[in-house]
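One structure is given here, and the rest of the page talks about it.
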Amino acid sequence: MSLPRQLRGESDFDQLPDDVAVSANIADIEEKRGFSSYYVFVIEVKTKGGGRYMIFRRYRQFYNLHTKLEERYGAESKNSRFTCMLPVLPGKVYVGAKREIADSRIPALNIYMKKLLSLPSWVLLDETVRLFFYQSDFDSEQTPQGLRRLRPRTRRVKSMCPQEQSFDRMAAPRAEALFDFMGSTKLELSFKKGDLIYLLSKINKDWFEGTVNDATGIFPCAFVTVIKDLPQEEDSINWLRCYYHEDNVSTIRDISVEEDLSSTPFFKDLMELVRREFGRNDIALNYRDAEGDLIRLLSDEDVVLMVMQGRSWPLEKYIFPWKLHVTQQDDYSVYNLTGSAASTPRAVEP
């Protein structure tokens, strides 16, 4: 294993792709709603090519990033011959107002990102780091409410040594050209059969963006065979399916929730979310049991049972496996009152 390196060499900068993040600074925090309210950090990212854009990240995304980097490149890692001293990530906080906690983390997270983006190039080119600082479709659709903090100037860095360059190329997403392709516009990348093309992004199902022979552009997927694919981006938006029952009519509504499909909400948060979505307070939350009867939710324990039962149902991409049935608070006709005691509704807590 090589000795840990802390900073990039002086000539790294010219060797980095233009879309690699070299500077990031938290411009603000914003409140978001999942099952309950939480705060995201509005981060301005600057790339080596001079591009600027905004991304929106939760603390847990910082935590997941740091955990993966510790496994791969931490000083004690045995998973790679390349190691370095990673910056210190501020720890989890369990007590205090959410906004105050988020606000207090800003200076430490800014220092964390500054030190992270000063590490050797193999860290910057790691797919987990690139995906963290990549502007997803979700990020680009957001509109920051305000940008309270100044934007720092970007520090230039330069070229990889041959050993690092070899390592990065072996790890980089790439494809081999199956046929010659001559681009018809300045946006398209031209190449010859057998060329090795390094993949930068997937434009859509038919086109990649990549680089070959110091040129960058887009090209059709059908002209190449992928050797190592781009990392799959996880969609941060999932959907909670609700069946709304009223006057013998049922309608379906999907509520967008920025929570993992494995999350278990609190009962009060779930009730608040659905009341807000349907614009009324006189509702009850239910789920269907294995016999098809509606069971009314009244507590966190009921929600846990619903989630556990949902794990046995077929999975749908981006949709929570458990489903909610929303009924009127005083409507007991939807329940199987002749069935088991478990299906008999109880008084709903206010």
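Here, residue 1 is the first one in the sequence, and each next residue gets the next number.
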(request) Examine distances only and state if a side-chain atom of Q309 and a backbone atom of R288 form a donor-acceptor pair shorter than 3.5 Å. (result) yes
(message) Using 0.5 Å steps for rounding, measure from the OG1 atom of T47 to the OH atom of Y134.
(response) 12.5 Å
(request) Quick one: do F181 and E188 satisfy side chain to side chain contact (heavy atoms under 4.5 Å, CB included)? Show the steps, please. (result) CA-CA 9 Å; F181 178 72; E188 295 180 0; 3.7 Å; yes
(request) Establish whether F179 and I218 are linked, either directly or via other cluster members, by ILVMFWY side-chain heavy-atom contacts under 4.5 Å. (result) yes
(request) Check side chain to side chain contact (heavy atoms under 4.5 Å, CB included) between V88 and all other residues, then give those that pass, not counting sequence neighbours. (result) none
(request) Locate the shortest heavy-atom distance separating Y112 from L69; write the atom from each residue and the value. (result) OH-CD1, 4.5 Å
(request) Enter the distance from L324:CG to I255:CD1 here, rounded to the nearest 0.5 Å. (result) 7.5 Å
(request) Look at the side-chain heavy atoms of Ile, Leu, Val, Met, Phe, Trp and Tyr, link any pair under 4.5 Å apart, and say whether Y63 and L109 land in one connected group. (result) yes
(request) Could you pull out the closest heavy-atom pair between I283 and R280, with the gap in Å? (result) CG2-CG, 3.7 Å
(message) Any side-chain to backbone donor/acceptor pair from K323 onto P321? Under 3.5 Å, distance only.
(response) yes
(request) Check whether NZ of the Lys or CZ of the Arg K32 lies under 6.0 Å from the centre of the six-membered ring of F56 and within 45 degrees of that ring's axis. (result) yes
(request) Output yes when a side-chain donor or acceptor of D289 lies under 3.5 Å from a complementary backbone atom of E291, and no otherwise. (result) yes
(message) Donor-acceptor check, side chain of T216 to backbone of T211, threshold 3.5 angstrom: yes or no?
(response) no
(message) Could you walk me through whether I101 and K98 satisfy the side chain to side chain contact (heavy atoms under 4.5 Å, CB included) test, starting with their C-alpha distance in whole Å, then the side-chain angles of each, then the deciding distance to 0.1 Å, before giving a yes or no?
(response) CA-CA 5 Å; I101 292 172; K98 293 179 182 179; 5.7 Å; no
(request) Using a strict 4.0 Å threshold on nitrogen-to-oxygen distance, state whether K268 and E272 make a salt bridge. (result) no
(message) Rounded at 0.5 Å granularity, tell me how far CZ in R52 sits from OG in S23.
(response) 7.5 Å
(request) Show your reasoning for whether side chain to side chain contact (heavy atoms under 4.5 Å, CB included) applies to L270 and L240. (result) CA-CA 10 Å; L270 203 55; L240 172 59; 4.0 Å; yes
(message) Using modelled atom types and a 3.5 Å cut-off, is there a donor and acceptor pairing between side-chain atoms of D195 and backbone atoms of I197?
(response) no
(message) Any side-chain to backbone donor/acceptor pair from N238 onto V257? Under 3.5 Å, distance only.
(response) no
(message) Between N286 and Y335, is there a side-chain donor-acceptor contact under 3.5 Å, judged purely by atom types and distance?
(response) yes
(message) Quick check: is I55 connected to I111 through a chain of hydrophobic side chains (ILVMFWY, heavy atoms under 4.5 Å apart)?
(response) no
(message) Using only atom types and a distance under 3.5 Å, with no angle test, would you say the side chain of D269 pairs donor to acceptor with the backbone of P265?
(response) no
(message) A cation-pi test, strictly: NZ or CZ of R105 under 6.0 Å from the centre of the six-membered ring of F41 and no more than 45 degrees from its axis. Yes or no?
(response) no
(request) For the residue pair R311 and V307, establish whether any side-chain heavy-atom pair is separated by less than 4.5 Å. (result) yes
(request) Please say whether the positively charged group of R57, taken as NZ for Lys or CZ for Arg, lies over the ring of F62, i.e. under 6.0 angstrom from the six-membered ring centre and within 45 degrees of the axis. (result) no
(message) For the NZ atom of K68 and the CZ atom of F132, what is their distance to the nearest 0.5 Å?
(response) 11.5 Å
(message) If we ignore hydrogens and angles and just use 3.5 Å, is the side chain of R296 paired with the main-chain N or O of Q329 as donor and acceptor?
(response) yes
(request) Determine whether L200 and Y53 fall in the same hydrophobic cluster, where Ile, Leu, Val, Met, Phe, Trp and Tyr are linked whenever their side-chain heavy atoms lie under 4.5 Å apart. (result) no
(request) Evaluate the side chain to side chain donor-acceptor pair (under 3.5 Å) criterion for residues T67 and N64: first the C-alpha distance (whole Å), next the side-chain angles of each, then the deciding distance (0.1 Å), finally the verdict. (result) CA-CA 5 Å; T67 300; N64 291 339; 5.4 Å; no
(request) Please check if atom NZ in K192 has more than 12 non-hydrogen atoms from other residues, nucleotides or ligands closer than 6.0 Å. (result) no
(request) Sequence neighbours left out, what passes salt bridge (charged side-chain N to carboxylate O under 4.0 Å, His left out) with D18? Give chain and number order. (result) K48
(request) Working to the nearest 0.5 Å, report the span between CZ of R241 and CH2 of W322. (result) 13.0 Å
(request) Determine whether M306 and Y243 fall in the same hydrophobic cluster, where Ile, Leu, Val, Met, Phe, Trp and Tyr are linked whenever their side-chain heavy atoms lie under 4.5 Å apart. (result) no
(message) Between Q328 and Y244, is there a side-chain donor-acceptor contact under 3.5 Å, judged purely by atom types and distance?
(response) yes
(message) Looking at every non-hydrogen atom in both residues, tell me the closest pair between V45 and A21 and how far apart they are.
(response) CG1-CB, 3.6 Å
(request) Check N25, N110, I26, D139 against I43 for a side-chain contact (heavy atoms from CB on, under 4.5 Å) and give me the one that passes. (result) I26
(request) Search all heavy atoms of H245 against all heavy atoms of H325 and return the closest pair with its distance. (result) NE2-ND1, 2.9 Å
(message) Could you measure the distance from the OH atom of Y198 to the CZ atom of R174? Nearest 0.5 Å is fine.
(response) 6.5 Å
(request) Check Y287 against L297 and note the closest heavy-atom contact, atom names and distance. (result) CD2-CD2, 3.5 Å
(request) Considering non-hydrogen atoms only, spot the tightest contact between D103 and P107 and give its length. (result) O-CD, 3.9 Å
(request) Quick one: do F223 and L178 satisfy side chain to side chain contact (heavy atoms under 4.5 Å, CB included)? Show the steps, please. (result) CA-CA 5 Å; F223 277 67; L178 296 173; 5.9 Å; no
